[in-house]
Amino acid sequence: LYQAGFIKPDRLKMNGVFDNELELAVRAYQLSGGIADDGLIGNWTAANLNRMSIQFNGIYTGERSQRVNRLQELLKADKFFYGKTDYLFGNQTRISINSAQSALGYRQTGYVDLDLLLGLLAVKKYQIKPNLIVGETGSDVEELCRELVSLGYLSSSNFSGIYDKNVKYAVWKFQLINEISIPDGI
């Protein structure tokens with residue numbers, strides 16, 4: 001990831017730990033390759049890393065691709081991009097990038113560099129109501145479950161739309177692995 005340009009030299013840590021910084025670099029690599037940026041080293045990601053087939057060269061005005069659409073989704077989730085995602089890096093995308101750069105404390109260039117991409121990937125896109133309990137339903141439960149599924153703590157086949165024992169166990173597992181207070185599943 002470092003050799004491909006997805007980890008900056010000042011952030012390179014060779015400590016054998018798959019930390020947040022490394023996960024963000026993997027997600028940026030995946031996004032640049034036009035696949036789901038889940039942060040997991042699956043077959044596609046591993047094969048392409050081994051071949052060094054993707055280099056970070058930015059995302060540019062006029063480009064029409066899946067990765068531009070994903071960029072627009074990230075910008076939209078953070079309320080920088082309004083309207084329909086269209087796979088095209090046009091004027092609306094450039095303006096949205098300037099807004100994101102300003103909000104994240106970067107120089108406004110209208111271009112996507114690694115700092116901006118990592119910044120957008122690092123921002124949490126949801127505000128889930130605290131203290132959900134078994135038996136609850138609604139958009140907070142759905143949002144929580146989508147995030148737990150995307151992080152690999154919950155199987156999509158185990159989600160029924162209710163904060164049930166499967167969801168509580170997934171939350172407990174997330175809390176335990178991420179050393180968040182005393183795991184309680186709430």
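By convention here, the first residue in the shown sequence is residue 1.
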query = Given Ile59 and Arg67, is the side-chain contact (heavy atoms from CB on, under 4.5 Å) satisfied, shown in steps?
reply = CA-CA 8 Å; Ile59 302 173; Arg67 65 190 199 142; 3.8 Å; yes

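- In this structure, Lys76 contributes its side chain and Thr85 its backbone to no donor-acceptor pair below 3.5 Å.
- In terms of modelled atom types and a separation under 3.5 Å, the side chain of Ser99 and the main chain of Phe80 share no donor-acceptor contact.
- Listed for the Glu73 side chain is no donor-acceptor partner under 3.5 Å among the backbone atoms of Val68.
- Counting heavy atoms from C-beta on, the side chains of Glu136 and Ile162 never come closer than 4.5 Å.
- For the pair Val26/Leu40, no side-chain contact is recorded, criterion being any heavy-atom separation below 4.5 Å from C-beta on.
- In this structure, Ile95 is not a member of the same hydrophobic cluster as Leu116, with clusters built from ILVMFWY side-chain heavy atoms closer than 4.5 Å.
- Formation of a donor-acceptor pair under 3.5 Å by the Gln66 side chain with backbone atoms of Tyr87 is not found in this model.
- Contact check for Thr61 versus Tyr111: side-chain heavy atoms found under the 4.5 Å cut-off.
- Using a 4.5 Å heavy-atom cutoff, the side chains of Ile97 and Leu75 are in contact.
- Under the 3.5 Å distance criterion, the side-chain polar atoms of Asn69 are left unmatched by any main-chain donor or acceptor of Gln72.
- Contact check on Arg27 versus Asp38 returns no salt bridge, with no Lys/Arg side-chain nitrogen under 4.0 Å from an Asp/Glu carboxylate oxygen.
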query = For Thr93 and Leu88, what are the C-alpha separation, side-chain angles and deciding distance, and is it a side-chain contact (heavy atoms from CB on, under 4.5 Å)?
reply = CA-CA 8 Å; Thr93 303; Leu88 177 64; over 6 Å; no

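- Side chains of Val171 and Tyr163 form a contact here, defined as non-hydrogen atoms less than 4.5 Å apart.
- In this structure, Leu148 and Leu144 have side chains that are in contact, with non-hydrogen atoms separated by less than 4.5 Å.
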ask   = Can Cys145 and Leu154 be said to form a side-chain contact (heavy atoms from CB on, under 4.5 Å), step by step?
value = CA-CA 7 Å; Cys145 290; Leu154 179 67; 3.9 Å; yes

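- With Asn98 contributing its side chain and Gly110 its backbone, the two residues share a donor-acceptor pair below 3.5 Å.
- Side-chain heavy atoms closer than 4.5 Å link hydrophobic residues (I, L, V, M, F, W, Y) into clusters, and following such links, possibly through other members, connects Val134 to Phe174.
- Closest approach of Ala25 to Ile7, counting heavy atoms only: CB-CG1, 3.5 Å.
- When all heavy atoms of Val149 and Ser155 are compared, the pair lying nearest together is CG2-C, 4.2 Å.
- The aromatic rings of Tyr29 and Phe6 stand perpendicular to each other, their planes meeting at an angle above 60°, with 30° marking the opposite boundary.
- For the pair Phe89/Val112, a side-chain contact is recorded, criterion being any heavy-atom separation below 4.5 Å from C-beta on.
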request  = Apply the test side-chain contact (heavy atoms from CB on, under 4.5 Å) to residues Leu117 and Leu121: give CA-CA distance (whole Å), side-chain angles for both, the deciding distance (0.1 Å), then the verdict.
outcome  = CA-CA 6 Å; Leu117 186 57; Leu121 289 169; 4.2 Å; yes

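- Residues Leu31 and Leu74 are in side-chain contact: their nearest non-hydrogen atoms beyond the backbone lie under 4.5 Å apart.
- In this structure a side-chain-to-backbone donor-acceptor pair under 3.5 Å is present from Gln101 to Thr109.
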